[in-house]
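Just so we're on the same page: letters track the sequence lines, and every chain starts at 1. Keep in mind that what you see is a predicted model, and the values were worked out from it rather than measured.
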Amino acid sequence: EVQLLESGGGLVQPGGSLRLSCAASGFPFSNYGMSWVRQAPGKGLEWVSNIYSSGTTTSYADSVKGRFTTSRDNSKNMLYLQMNSLRAEDTAVYYCVRDDSAWSLGVWGQGITVAVSS
Amino acid sequence: QSALTQPPSASGSPGQSVTISCTGTSSDVGGYEYISWYQHHPGKAPKLIIYEVTKRPSGVPDRFSGSKSGNTASLTVSGLQTEDEADYYCCSYAGSSKRVFGGGTKLTVL
């Protein structure tokens, strides 16, 4: 069964850091690009970041560029999102997502909550 | 990276059809044939229902269809069923591996 399982969420103070992890299983992880998507409370979905299957290329939404870093370890089937200089507006449910055909977001994790508050 | 424009709400009775629009610019919707749509029931993971403007993943009913004209994409749900009540999001490729979502449309089945 294809599965993505996020971990590492929680409550953090403004200006703090947090690292999300995503464990992939049931598919050849190293063959797929991966993305992070978030949903703030009461808001819509927002694409956050993408990383190529090789891990050599990343891209970010303007709202997180320079603060968030996406990486992966293909030997462990793991995806990561390092979040620094966190702000209240980063409070959201964060989803780990597999990139599929034609830049679609084909497989989604259940999501993990990040709350930024003092 | 401005969000694509969707109507905040849409509704229809069981058996009817409803169409949800998604308007962007020539830098996203109008520039690529990489439009996807997602169904999101609150508390669950979003689900891909349309990709590459018109294609349906395996298992998605053919009641869901997509189209695009210029800078506007559309999702049509035919033969509405109660389980179709959910939030729907369009998403467009925007170049350099980036994606942009619409603001979402809450579909109510009356």
> Do Thr23(B) and Val29(B) come close enough that some side-chain heavy atom pair is under 4.5 Å?
Replying inline: no

Reported [atom1]-to-[atom2] distance for the pair [X] and [Y], which is rounded to 0.5 angstrom:
X        : Y        : atom1 : atom2 : answer
Tyr38(B) : Ile50(B) : OH    : CD1   : 11.0 Å
Ser9(B)  : Asp87(B) : OG    : CG    : 11.0 Å
Tyr89(B) : Leu45(A) : OH    : CG    : 4.5 Å
Glu83(B) : Gln39(B) : CD    : CD    : 9.0 Å
Ser92(B) : Ile35(B) : OG    : CD1   : 3.5 Å
Tyr88(B) : Lys47(B) : OH    : NZ    : 9.0 Å

> Given that the side chain runs from C-beta out, which part of Tyr34(B) has a heavy atom under 4.5 Å from chain A: side chain, backbone, both or neither?
Replying inline: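 Contact with chain A is through both the backbone and side chain of Tyr34(B).
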
> Is it the side chain or the backbone of Ser97(B) that comes within 4.5 Å of chain A heavy atoms, both, or neither?
Replying inline: both

Which answer fits [X], side chain, backbone, both or neither, if we ask what part of it has an atom under 4.5 Å from a heavy atom of chain B?
X         : result
Tyr52(A)  : side chain
Asp100(A) : neither
Ser63(A)  : neither
Val48(A)  : neither

> Is there a donor-acceptor contact under 3.5 Å linking the side chains of Ser49(A) and Thr70(A)?
Replying inline: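 Yes, because at least one side-chain N or O of Ser49(A) sits under 3.5 Å from a partner of the opposite role on Thr70(A).
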
So if you build clusters from Ile, Leu, Val, Met, Phe, Trp, Tyr with side-chain heavy-atom gaps below 4.5 Å, do [X] and [Y] land together?
X         : Y        : result
Ile20(B)  : Tyr51(B) : no
Val64(A)  : Met34(A) : yes
Leu105(A) : Tyr32(A) : no
Leu4(B)   : Trp47(A) : no
Tyr60(A)  : Val37(A) : no

> Tell me, which pairs form a disulfide (SG to SG under 2.5 Å) where one or both residues lie in residues 9-118 of chain A, sequence neighbours left out?
Replying inline: Cys22(A)-Cys96(A)

> Among Pro46(B), Cys91(B), Ala3(B), Gly43(B), who wins on heavy-atom pairs under 4.5 Å with chain A?
Replying inline: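 It is Pro46(B).
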
>> Tell me whether the count of non-hydrogen atoms from other residues, nucleotides or ligands lying under 6.0 Å of OH in Tyr32(B) goes above 12.
In response: yes

> Just checking heavy atoms, which of residues 1-19 of chain A are less than 4.5 Å from chain B?
Replying inline: none

> By number, which residues in residues 78-86 of chain A have some heavy atom less than 4.5 Å away from chain B?
Replying inline: none

> Once the angle between the rings of Trp103(A) and Tyr93(B) is folded into 0 to 90°, is it parallel (under 30°), tilted (30 to 60°) or perpendicular (over 60°)?
Replying inline: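 Parallel: the ring planes of Trp103(A) and Tyr93(B) meet at under 30°.
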
> So which bits of residues 52-78 of chain B come within less than 4.5 Å of chain A, counting non-hydrogen atoms only?
Replying inline: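 The stretch touches chain A at Glu52(B).
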
